[in-house]
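Report on the structure given below.
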2 protein chains.
Amino acid sequence: MKNETAEHSCPLTKAMANIGNKWKPIIVCVMHERNLRFGEIAARIPVISRKVLTDQLKEMELDGLLTRQEFKEIPPRVEYGLTEKGKALLPILKLLQEWETKFINQVSVV
Amino acid sequence: MKNETAEHSCPLTKAMANIGNKWKPIIVCVMHERNLRFGEIAARIPVISRKVLTDQLKEMELDGLLTRQEFKEIPPRVEYGLTEKGKALLPILKLLQEWETKFINQVSVV
DNA sequence: TTCATTGGTTACCTCCTGGTTACTATTAGT
DNA sequence: ACTAATAGTAACCAGGAGGTAACCAATGAA
């Protein structure tokens, strides 16, 4: 979610600019226990395209949510890991999941 | 954030489909203490356009986040209020704000 | 008769997001 | 000589999200 006004606006807007999109919360979640290689992330989220995954990982690195470590090997190996900022998001995302699960049927059915 | 796969996917994806956009978290926040009329919400979020606000409120009503009560008066009066589901979001959004504030400077500066 | 008020609606437009597909580099293994 | 493996890129595209501006209905007040 691009947001030109994010810089001079409330923390909530900035937070949503960081993780308020389709894939980023999921990427954070799948990395909860250990660093993962690019291919491992892709395997855990099979429905995401490689291009979009690359884009998201780049943005998240810039936003300080995760680190990227490139090993100079052939075939290439790249490992991604959560930063402290990224890790701090985990309990919040867990709450969000619980919230969704709790109120799963409380929508107006049209 | 429209999401065709939301129905058969993880709660997190569904949660983000509910509130993962530019305005909805803010709308929830400004309604934290009491019901508000359309114009009051608009006044609390001056940068949102009327059309977008209307759209968001409609979607949030459908998603069970808030209620809409129309009084048959002239000029019209419409009051919006958080549902239990919407209220349950408040502490989570508060955590998100705190998270953002805490890590506010921890981004890679390019 | 005209205006102000409220809560919208309608038509239209732009740009971003996410998506597909094909392509790349480099080395080891057969 | 050819293939497999990894982590991407590049070119291109459709659709949706958010935005602007003008308009509307109903009534009381001036």
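Residue numbers begin at 1 in each chain, while the letters A, B, ... track the order of the sequences.
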Could you tell me how far apart [X] ([atom1]) and [N] ([atom2]) are, to the nearest whole angstrom?
X: B:Ile45; N: D:dG18; atom1: CD1; atom2: C1'; value: 14 Å
X: A:Tyr80; N: D:dG8; atom1: OH; atom2: P; value: 4 Å
X: A:Leu57; N: C:dT17; atom1: CG; atom2: P; value: 16 Å
X: A:Lys72; N: D:dT6; atom1: NZ; atom2: P; value: 18 Å
X: A:Lys22; N: C:dG19; atom1: NZ; atom2: C1'; value: 9 Å
X: B:Glu61; N: C:dG7; atom1: CD; atom2: P; value: 15 Å
X: A:Met16; N: D:dG18; atom1: CE; atom2: C1'; value: 15 Å
X: A:Glu73; N: C:dT26; atom1: CD; atom2: C1'; value: 13 Å

Using only side-chain N and O atoms of B:Lys51, determine if any of them is under 4.0 Å from OP1 or OP2 of D:dA22. no
Is there a side-chain contact between B:Asn21 and the phosphate of D:dG18, meaning an N or O under 4.0 Å from OP1 or OP2? yes
Taking NZ, NE, NH1 and NH2 as the nitrogens, is one of them in [X] or [Y] under 4.0 Å from a carboxylate oxygen of the other?
X: B:Glu98; Y: B:Lys94; answer: yes
X: B:Lys72; Y: B:Glu70; answer: yes
X: A:Lys87; Y: A:Glu84; answer: yes

Of all the choices, [options], which nucleotide is nearest to the side chain of [X] once you look at every atom?
X: B:Pro75; options: C:dT5, D:dG18, C:dG8; result: C:dT5
X: A:Arg77; options: D:dA7, C:dT20, D:dG8; result: D:dA7
X: B:Thr54; options: C:dG8, D:dG18, C:dG19; result: C:dG8
X: A:Ile74; options: C:dT27, C:dA11, C:dT6; result: C:dT27

Both A:Lys58 and B:Gln56 contact DNA chain D. Which one's nearest nucleotide lies toward the 5' end? A:Lys58
Spacing of B:Ile48 atom CD1 and B:Ile41 atom CD1 [to the nearest 0.5 Å]: 9.5 Å
Rounded to the nearest 0.5 Å, how far does CG of A:Leu12 lie from CH2 of B:Trp99? 11.0 Å
Just call it for A:Phe71: base, sugar-phosphate, or nothing, with non-hydrogen atoms closer than 4.0 Å on any strand. nothing
hbond_proxy B:Arg50 side chain to C:dG7 base (donor-acceptor, 3.5 Å cutoff): yes
